[in-house]
Amino acid sequence: MSSVLIEELGPRGKARVRVATIISILVGIVLLALVVWKLGTAGQLTWAKWEPFTVWANLEFLLGGLVNTIKAALAAMVFSIIIGFFFALGRLSRNAVVRGLCVAYVEFFRSIPLLLAIFMGFFGLLAAGLDVGAFTSLVVALVAYNSAVLSEIFRAGIKSLDKGQTEAAQAIGMRYWPMMRIVILPQAVRRMVPAIVAQLATLSKDVSLGFVIGYEEVVRRGQGFPGFSDAGNFQAYVVVGVVYFILVWMLARLARYLELRQRTSSIGTGAAAIDGAGLEDIAALSEEADAAEVEAAAARGEDPDRVVDSQTRARGAAEEQGTKLNEARKGDRDRRRGRD
Amino acid sequence: MLEFYTEYWPDYWDGTLVTLRLVVISFTLACIIGVIIAGFRVSPVPPLRSFASGYVALFRNMPLLVVFFLAFFGVGDLGFVFGPFPTAAVALGMYTGAYMAEVIRSGINSVSSGQAEAGRAIGLGFIPLLREIVIPQAVRTVIAPIGNLFIANFKNTAVALTISVFELTYISRKLINETARTWLSLLGAAIIYTVILLFAGWVFRTLEDRYAIKR
Amino acid sequence: MRMRRNRRLGIALVAATALILSACGSDDGDDGGEATETEPAAETEESMAPTDESMAPSEGGTSGGGEAVAAIQESGTLRVGIKYDQPLFGVNTPSGVVGFDAEIATAIAESLGVEPEFQEAVSANREPFLQEDQVDLVAATYTINEERDEVVDFAGPYYVAGQDIMVATGNPEGIEGIESLNTADLTTCTVEGSTSLENLNEMAPDADVLTFDTYSKCADAMRQGRAAAVTTDNVILIGLIDEAPDDFELIDNPFTEEPYGIGVQEGSDLRCYVNGVLQTMYDDGSWAEAYEATVGSAGVSTPEPPELNNEGC
Amino acid sequence: MADALVEMRGVNKWYGELHALKEINLDIAEREVVVVIGPSGSGKSTLIRTINRLESIQEGEILIDGERLPEEGKGLAKLRADVGMVFQSFNLFAHKTILENVTLGPVKVKKMGKSDAEEKARGLLERVGVAHQADKYPAELSGGQQQRVAIARALAMEPKVMLFDEPTSALDPEMINEVLQVMLDLAEGGTTMVVVTHEMGFARSAADRMVFMDEGEIVEENDPESFYKGAKTERARDFLSKIITH
């Protein structure tokens, strides 16, 4: 029970939990049975409706959509990183005009729905005489939108670096750009890798919106293919949902893994302390990381998934210093108590 | 340019009203679902915890578009047919609710165990502890992320156009087709979104300042 | 029809939207696409000399023909631009392209004594196809309109499409025409950003409207009881009905006219030759046969063939 | 010893495999001050936290004023109200003012009137020397001040026994004495106290009894003078030599 709310239970509490467990399992079974029954009576479980998804040619077609999804997500990611990076630097610039323009850009694209940005990328460019097709329009829109988001991650990443790093660099006589290039950015980038992977997961989800301009990602392929015409909507969207789920879940998992690795390596002493611990502790730690990741995701603002509100991030970074200290203390105490 | 907006203001206004209605209903729903799911997630009853984790994982790893289509056409195939607006409100509420649950859970967990222990040590029972110590402290840490969720939820209402909800983004798209003034049509919606979000941002910042812990 | 200043651009955008609606291969046949940006180009380089224009082939001219016809006969193949994804008109199947357009094109090729060779035409590339001499003719649910007529020539019309209404089998709501839809009590479904939607908004402003990105979603909406009617070009509706003949039927009361023509290069003698072939098909009943074998298979009654435009032939 | 205020009988506790408390038997009489010492990880914190069941036990029983410590629910909350606790990291309620920190227990648990509670709280704050800080928030106070407020908060419940869990080890050196002074005053005033601390000065002047723990068991009990001068066990002598050399 990873919660401050729940005390260690006494015998009566344990008995209650047992009863609640049994009741909730029963309720769960009843609900599940109802759903299956409803699906059955609505004729959704007949094999004919699912069979199209076992035909390799159909699956190949659907997986082609997955490839398209990944293609657009990767392309958008690469350009978003590059452009977002420059906007981050722009926002940290000492020139007020540059700063102002960057702020305007970032704030504009952070405050409109992605779908509107996609329409701008498609209809807008078309009206401007640029008939670039669905893929390019979609990537342009995703880049415009995500570079704004990423620039905030970058800015927070750069700012969150210990001020000591800057001071140390300046102390040995480095000037602004060499300092950025040699000292600050490499560290900032390393620190941002998990956030970037997490953003890639979000991006993959967002590619689905390319649907509205006819981009052949998974959803469009899943619903429009003649090979699936025997299948109903329910089946098609369930399968499409599963495909997306696996993709996004794996990317999120990777992001979490990277973040965890980074944490353990950066805490150092904490990692040493874990040395003696068993698997359970590591599981607990990953649970904690899970919670932290979620917290971060929540704090990251924008879209639930779409990362990072600058303020929260910056504040988060500041608080993190504090909590880390507290946690270190607490952890220390806990461990001691644990061994007591 | 101005004539364009004076001429089509009624269209934009209709769309804005739909968007606002959608966001109010879906966000209220998200709050309710969030509290329930978060409660499940921190409860000592294992099946409830598993259910809550499953719920959160499901909605966090699926595109909103798929959620909408499943809720509209998929559920419709099962014989449950609801109109576009109610479907969109519920689907969006359930989607944001998953994120809300995580925000609330992390808010509860952000209250240090020392605070709870101190409360127990002076004899506070479960409910008073929750009311006097945990919730007031959790609320403070949770306002900013909830504000962000609101903004996300607000922007996500646009996806409802795919199931025939005539909200603001739909209107701008409709105006493109009717007038062929592409950029004007799109900008009109963008400006309305920005203005509303500026206002929402101000509200949440004010709330945050009011409830900030003095340090 | 509303004529706004930017009508052309509007149409172009509608075309772009229509392009998106690929899933059910829909294309409302009204897309002017690239037409505006091209000039009446290239003809001097082409086979026909200016004099050819006046040297029209004789009426019914299966025997006659100018240089274009001669060149085709010499090459032994008729290059045809055709839709690959338009149910009942042009669908690419493993056994070749089938549909009403394919039947017409094959008949023309037969008359010429050559083999047809099909190439996929999408809405946006039909004019460039002709202008750049990629194909000899385009038979691809190609609506005749003024803009296009400036850059290409049309034989025909060989079919008049029009916006129509699809209802559930048996027409439970008793919908007779567009006027019946003008009530908030009935929900009508069409595709977002289409001319069909604009027509609906104009002709039945009180209708309760549902819009989706594809017509197949409209069909689903009807199946689920969300909509009482679907309206768009009858050609698309017939395609939907063909997929589910038990569920839907056409009220067969079109309220717009979209004449389909065979596109040929500007000034080509092929135009009058094709008109001749079409007239022959009208007369000997093979037009009706072709119709019944394709479009008519969806349970739509065979109409009278439209009158050909023989101006200048 | 039947009238001891706190009785621990055959208490055992495990953390998984780890035997954290081994067969603890300990009685604390009214007005007695007991100081618990021992090396890090010896179980002394766990011991003190079991007395108000912030830690559960698996075997044995704990009685407070002759009453068996309930395991959960209202009864437990009621009994906890009679046991004051001061934590290493103060744990003042961060969102409440100093005054509210002190009045919360009396008002919410003891259902005391608000004005009475405030009057009493101000008296207690006066006693621990932070009366002028009453309207501030915890984060605005120094560590020493916070810990004194924490003591006042515990006292406001008029507990039968006060537990101190390393009350000075999170403090900067110059603040340790101000807290110890308050504790000395309490001891002299006759409060029953169980204190986990390494502050030998305090132990010598205030403790009635020293309890030395190691590896989860009570190794030695004695009065402070004899304990410091001549601990009976090797383990205790070894521990003392380590903390006295510097």
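Per chain, numbering begins at 1; letters A, B, ... match sequence-line order.
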Per-residue tally against chain A (heavy atom, under 4.5 Å) across B:T162, B:L129, B:L58, B:L64 peaks at B:L58
When A:A42, A:P113, A:A201, A:S204 are compared by non-hydrogen pairs under 4.5 Å with chain B, the top option
A:P113
What class does the angle between the rings of B:F27 and B:F150 fall in, given that below 30° is parallel, 30 to 60° is tilted and above 60° is perpendicular?
perpendicular
Can you tell which part of B:F154 gets under 4.5 Å to a heavy atom of chain A, answering side chain, backbone, both or neither?
neither
For the pair B:F59 and B:Y95, name the ring-plane relationship: parallel under 30°, tilted 30 to 60°, perpendicular over 60°.
perpendicular
Would you mind checking which part of B:L161 comes under 4.5 Å of any heavy atom in chain A, side chain (CB onward), backbone (N, CA, C, O), both or neither?
side chain
Under a 4.5 Å heavy-atom cut-off, does chain B meet the side chain of A:V238, its backbone, both or neither?
both
Which region of B:A189, side chain (C-beta onward) or backbone (N, CA, C, O), has a non-hydrogen atom less than 4.5 Å from a non-hydrogen atom of chain A, or is it both or neither?
both
Donor + acceptor pair across side chains of B:S172, B:S185 (<3.5 Å)
no
If I measure from the heavy atoms of chain A, does B:F80 come under 4.5 Å with its side chain, its backbone, both, or neither?
side chain
When you compare the side chain of A:L142 with that of A:D206, does any pair of heavy atoms fall below 4.5 Å?
yes
Would B:S26 and B:N153 satisfy side chain to side chain donor-acceptor pair (under 3.5 Å), going step by step from the backbone distance to the final call?
CA-CA 8 Å; B:S26 61; B:N153 187 80; 3.1 Å; yes
Write out all pairs satisfying ring-ring contact (aromatic ring centres under 6.0 Å, His included) with one or both partners inside residues 170-191 of chain B, taking only residues at least two apart or from two chains.
B:F166-B:Y170
Counting heavy-atom pairs closer than 4.5 Å to chain A, which one of B:V66, B:V111, B:L187, B:L186 comes out on top?
B:L186
Does the A:Y237 side chain pair with the main chain of A:V219, one donor and one acceptor, at a distance under 3.5 Å?
no
Considering only heavy atoms, which portion of B:V134 lies under 4.5 Å from any heavy atom of chain A: side chain, backbone, both, or neither?
side chain
For chain A, the option from B:S50, B:G201, B:P46, B:A190 that forms the most heavy-atom pairs under 4.5 Å
B:A190
